[in-house]
S.K.: 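I have a structure here, written as structure tokens, and I will follow up with some questions on it.
A, B, ... follow the sequence lines: proteins, then strands. Residue 1 opens every chain. Please read all numbers here as calculations on a predicted model, not as lab measurements.
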Amino acid sequence: MSDMRELSKGFDHASVDPKWYEFWESSGAFKADPESSRPPFSMVLPPPNVTGVLHIGHALNQTLPDIVCRWKRMTGHDVLWLPGTDHAGIATQNVVEKQLADEGTDRHALGREAFVERVRAWSRQSHGTITSQMRTLGSSVDWSRERFTLDDDLSRAVRRVFVTLYDEGLIYRGKYIVNWCTRCRTALSDLEVVHEEQAGRLYHVRYPAAGSVADPPAEGAADPQAEGVAGPPAGSGADAAGVADVAESGGAAGRPDAAAGRGVTVATTRPETMLGDTAVAVHPDDDRYRGLVGRTLRLPLVGRELPVVADEFVDAKFGTGAVKVTPAHDPNDFEMGRRHDLSQVVVIGEDGLMTAEAGPFAGQDRFAAREAIVERLEAEGLLERVEDHRHSVGHCSRCHTVVEPLVSTQWFVRIKPLAGPAIAAVKDGHTRFVPENWARTYFEWMNNIHDWCISRQLWWGHRVPAWYCDQCGNVIVDEDTPAACRCGAALRQDTDVLDTWFSSGLWPFSTMGWPDATDDLARYYPTSVMITGLDIIFFWVARMMMLGLKFAGDVPFMVVYITSLVRDAHGRKMSKSKGNVVNPLQVMEDIGADAFRFTLAALASPGMDISLSEGRLRGYRQFVNKIWNVSRFVLMNLPPTLTERPPVPPPDGLATIHRWVLHRVSELAADVTRALEGYRFDVAADRLYHFIWHEYADWYVELVKPHLRDEADDGDRQRAIAVLLGVHDRVLRLAHPFMPFVTEELWQTLPAPADAAEDGRTPDGEARTITRAPWPRPEPAWTDDQAVSVLTLLQEVITAVRTVRAELGVPPSRRLRLGIEHADPDERAVLDGHGDYVRRLAGLEAFEFVASVPADPDTVRRLVRRMRLHLPLAGVIDRAKETGRLRREIDKLSKQLGSLEGKLDNPRFRERADPDVVAETEARHSAARRRRDQLDEVLKELSP
RNA sequence: GGGCGGUUAGCUCAGUUGGUAGAGCACCGGCUUUACACGCCGGUUGUCACAGGUUCGAGUCCUGUACCGCCCACCA
């Protein structure tokens, strides 16, 4: 055992950290126990991509919940923190596709089955990376319950949810305009499209007049409603108005119209889509075009006749007030097309190339076609004007390709019926956002939510559980694979897979065994807290809320803590191109997981982005080292015979310094606990830092040293050791959630407590571990204001003497004699009673109380408590420097006095302010005046 | 266009219910004080973005302005 008491000179995380994680894992320290009599506390880990590596966002989003879990474990909860990984459909598929491309092949060459098998194999291999990195960080998850979104039982949950929603009419399939990535070759949900403001051009193109309105073209694109169970409602008001106008103008169609003769100029940012135009729209109230509605124009380059329709959507103030309508390639036009029963002409294909419908431009890339078409228009004299125009363009969030709106058959979730309860649950406080402002963002989105496109034309993911019969046209949606159609023909399964967030949305309950009524589900659902990043509030949090309420019968979590973005030291977003990415693995290698975690916690001010600076990281690494060295100090002072940690003695018989430190450590426990309860990780970390370094190490350790000397009285020594150990043990336990590795290492070197309840054994009772040691509670019996005021006085006097010495340049080795004046009798008694401490920490040979100032050139002449009056001796110091310093101080005091006097002279202040505040202000005022007068006097003395 | 946040010491940020402006880093000076130089002791640094208002009193509450940032959005 005694070799355990010898710590190395510094903390070496590389040798310590892995040892303890292995110990925790193998001893079952993180295992949840449904049989336990302890109250449950549960969280699910936001599943990282199975093929991902730990980035700074993960580090934060795992450190904070880990702090909570470790804390809750110590407060006696049965903690479940359920880990797992996400198959991350499109992201993972893209990576593997890139690998294939490097090998000179592609997924089509491989075939679906082989491709999926390949992705699966790579996922399995890659899975170890992220999970081992989580261990490096110290995440205290229950690995025995690890899940993967593509696991069989989770896939079963996915199918159950899909089928149920379908049966209830909340999932439908239909042909609508969707966001299409021409590179990934799949549909995307609105959330997977990132809009970026870009410099573009607004082309003004003249569409010449053709003649009067013809019947709407009957041929062409499919009926948008064809396969829909039910489509989104069409804008009825605008629709009626538009139709009425057309009819009305139709009557006047025969009348010659000057405007019609010239044609109409439309403005567009995407001239290539004009080939698919099937109308031109104007606002119904726009007088400029009133006569035109109902007539037709001729589409340049193509020659097709286009009706002019009136629609409320058109903004008369934008461009020319006339809009070309391309129902197949623009979401607004799609809706407008439905309102006016326009056909869809598809001119851009799923590959981003112009289709056969594009005539001479067929086969060209859409952007090349834009150039070519502009050229042609110019040649034909139809391009009237080109303006620079900034507008936002949608890009694929995965590959940054410009998204092409395309008409396509997809599966959708009708979301409004699900959103309602999810909104209500937050409104009525059943689920609470922290910081609460995020609820607004949540409401904002939920109130304006659109149907969710859930099908993806990918291979990696949960395949849509729908089967089609080519014989009779029957569609079967079922949990189990049907053998054959009712007509006896073979069935063909839908080739699409589901949006990866569909399965993520079930995560809080699918991981616990749903749809079976498992013990875990009964005990751990709803989970206590969800801690996750702001970037996935919509993707994930909102969907978990909706699906959890719908299927698990309750909200998925009682509290959502939204973490901030981690930025670089100058508040810039981290990005590879800027080269300012902080790699958490590198940081942990350099300074250890404990210091890294502590830094993240200390910087995690709610609602604010985190600027991760090297200075802070370094500072907290040194803090870890500080704790290490305090422990060395404690251990080296333990008698070798001590095998058991003695209980902390009752404060009555203890010296002031002991009573003081016990009081303070009790307050620390209260403060840290309160901070954690409010999710103020920054406040908790700050409090620990300050106490451990600037109270415990700087003061208590220094003050206690004499008590530990060999010469010290035996009983005194034993009491000091008991208190020191009691404080040290509590400090380690309070710091443990933040710095799990170093605290376990140090805690294990302490002698075990006599009290079994303090021992922290794992559930199997085999091993002691700080992870299960009880969380320190405030001790009311340790409250001791008298000890606090004594220590405050000692600290002030000692600091004042040190200041004088430093300013006079008196080396610490030189023992001084000191005269103190103006101490009141009570304070004199305190100082006398604690003279040893003062002499030791201030480096004094002696001090005495004097009535007046002795003119002794070898001593500091005076020291006035609370006034930090440092009077240098003539001849010993630089007179000019000192007078300058005094003048500055006097100026400052005068200013302060002015404001205090203003306050006190104000009758209303005396009337209305709290009496304590008034008294305090008066005291402050008189103290300041006394001090200024004294400084004035000294200044006069010093000045020639 | 809508929403949210920020503007406090050279840098990055705290500032609880309004009551003498704080921390870390940086900087300056001094220290082989037997846990720690990843240390110890001391020190310097602020018209709290701007303009009004409420109040005896505002970094803190209200209104407006400026600048920065983020999110959402179907303006061709």
S.K.: Check whether any side-chain nitrogen or oxygen of W693(A) sits under 4.0 Å from OP1 or OP2 of C40(B), and answer yes or no.
M.R.: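 Result: yes.
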
S.K.: C4(B) phosphate, OP1 or OP2: any side-chain N/O from R440(A) under 4.0 angstrom?
M.R.: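 Checking R440(A) against C4(B): at least one side-chain N or O falls below 4.0 Å of OP1 or OP2.
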
S.K.: What residues, two or more places apart in sequence or in another chain, satisfy side chain to side chain contact (heavy atoms under 4.5 Å, CB included) together with A684(A)?
M.R.: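 Result, side chain to side chain contact (heavy atoms under 4.5 Å, CB included) vs A684(A): V672(A), A675(A), L676(A), F738(A).
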
S.K.: Do the numbers put R802(A) on top of the ring of W699(A), so that NZ or CZ is under 6.0 Å from the six-membered ring centre and no more than 45° off the axis?
M.R.: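 Yes, R802(A) lies over the aromatic ring of W699(A).
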
S.K.: Distance between the C1' atoms of U45(B) and G10(B), in whole angstroms?
M.R.: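 Straight-line distance between the two C1' atoms is 9 Å.
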
S.K.: Would you say A76(B) has OP1 or OP2 under 4.0 Å from some side-chain N or O of H389(A)?
M.R.: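 Checking H389(A) against A76(B): at least one side-chain N or O falls below 4.0 Å of OP1 or OP2.
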
S.K.: How close do L635(A) and L750(A) get, heavy atom to heavy atom, and via which atoms?
M.R.: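 Reported closest heavy-atom pair: CD2-CD2, 4.1 Å.
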
S.K.: Using a 4.0 Å heavy-atom cut-off across all strands, classify A322(A) as base, sugar-phosphate, or nothing.
M.R.: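 Result for A322(A) = nothing.
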
S.K.: Take atom CZ in R567(A); do more than 12 heavy atoms of anything else shown fall under 6.0 Å from it?
M.R.: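 For R567(A), atom CZ is crowded (more than 12 foreign heavy atoms under 6.0 Å).
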
S.K.: Need one value for K9(A): base, sugar-phosphate or nothing, where a base atom within 4.0 Å counts as base even if backbone is also close, heavy atoms only.
M.R.: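 Here K9(A) touches the backbone only, sparing every base.
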
S.K.: Using a cut-off of strictly less than 4.0 Å, decide whether Q622(A) has a side-chain nitrogen or oxygen near OP1 or OP2 of G39(B).
M.R.: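 Result: yes.
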
S.K.: Using a distance-only test with no angle check, is there a side-chain donor-acceptor pair under 3.5 angstrom linking D277(A) and T326(A)?
M.R.: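 There is such a pair between these side chains.
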
S.K.: Select base, sugar-phosphate, or nothing to describe what H329(A) touches, counting heavy atoms under 4.0 Å on all strands.
M.R.: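 H329(A): no heavy atom of the nucleic acid under 4.0 Å.
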
S.K.: Taking NZ, NE, NH1 and NH2 as the nitrogens, is one of them in R201(A) or E387(A) under 4.0 Å from a carboxylate oxygen of the other?
M.R.: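 The answer is no: the pair does not qualify as a salt bridge.
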
S.K.: In the 5'-to-3' direction, what one-character label does each nucleotide of nucleotides 6-15 of chain B receive under the scheme B = base within less than 4.0 Å of a protein heavy atom, S = sugar-phosphate only, - = no such atom?
M.R.: S-----BSSS

S.K.: Is any side-chain N or O of H694(A) closer than 4.0 Å to OP1 or OP2 of G24(B)?
M.R.: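 Result: yes.
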
S.K.: Could you check which residues of residues 623-630 of chain A get a heavy atom under 4.0 Å from RNA chain B? Sort them by number, please.
M.R.: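 Going residue by residue through residues 623-630 of chain A, the ones with a heavy atom under 4.0 Å of RNA chain B turn out to be N625(A), K626(A), N629(A), V630(A).
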
S.K.: Check the orientation of W628(A) and F11(A). Use parallel for under 30°, tilted for 30 to 60°, and perpendicular for over 60°.
M.R.: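 Geometry flag for F11(A) against W628(A): tilted rings.
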
S.K.: Base, sugar-phosphate or nothing for Y620(A)? Non-hydrogen atoms, less than 4.0 Å.
M.R.: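 Answer is nothing: Y620(A) stays at 4.0 Å or more from every strand.
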
S.K.: So, T265(A) versus E384(A): side-chain donor-acceptor pair below 3.5 Å or not?
M.R.: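 Result is yes, a qualifying pair exists.
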
S.K.: Now, which nucleotide makes the Watson-Crick or G-U wobble pair with G1(B), with each of the two distances under 3.5 Å?
M.R.: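 Across all strands, the one nucleotide that pairs with G1(B) is C72(B).
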
S.K.: Applying a 3.5 Å limit to both distances, which nucleotide forms a Watson-Crick or G-U wobble pair with A66(B)?
M.R.: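 Here A66(B) is engaged in a pair, and the nucleotide opposite it is U7(B).
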
S.K.: For the C1' atoms, the ones on G59(B) and on C50(B), what distance do you get once it is rounded to whole angstrom?
M.R.: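 Comparing C1' positions in G59(B) and C50(B) gives a spacing of 14 Å.
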
S.K.: With heavy atoms under 4.0 Å as the rule, sort V634(A) into base, sugar-phosphate or nothing.
M.R.: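 The residue V634(A) makes no contact with any strand.
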
S.K.: On the six-membered ring of W445(A), is R440(A) placed so that its NZ or CZ lies under 6.0 angstrom from the centre and within 45° of the ring axis?
M.R.: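 No, R440(A) does not lie over the aromatic ring of W445(A).
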
S.K.: So R618(A), base contact, sugar-phosphate only, or nothing? Heavy-atom distance under 4.0 Å.
M.R.: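 Sugar-phosphate only.
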
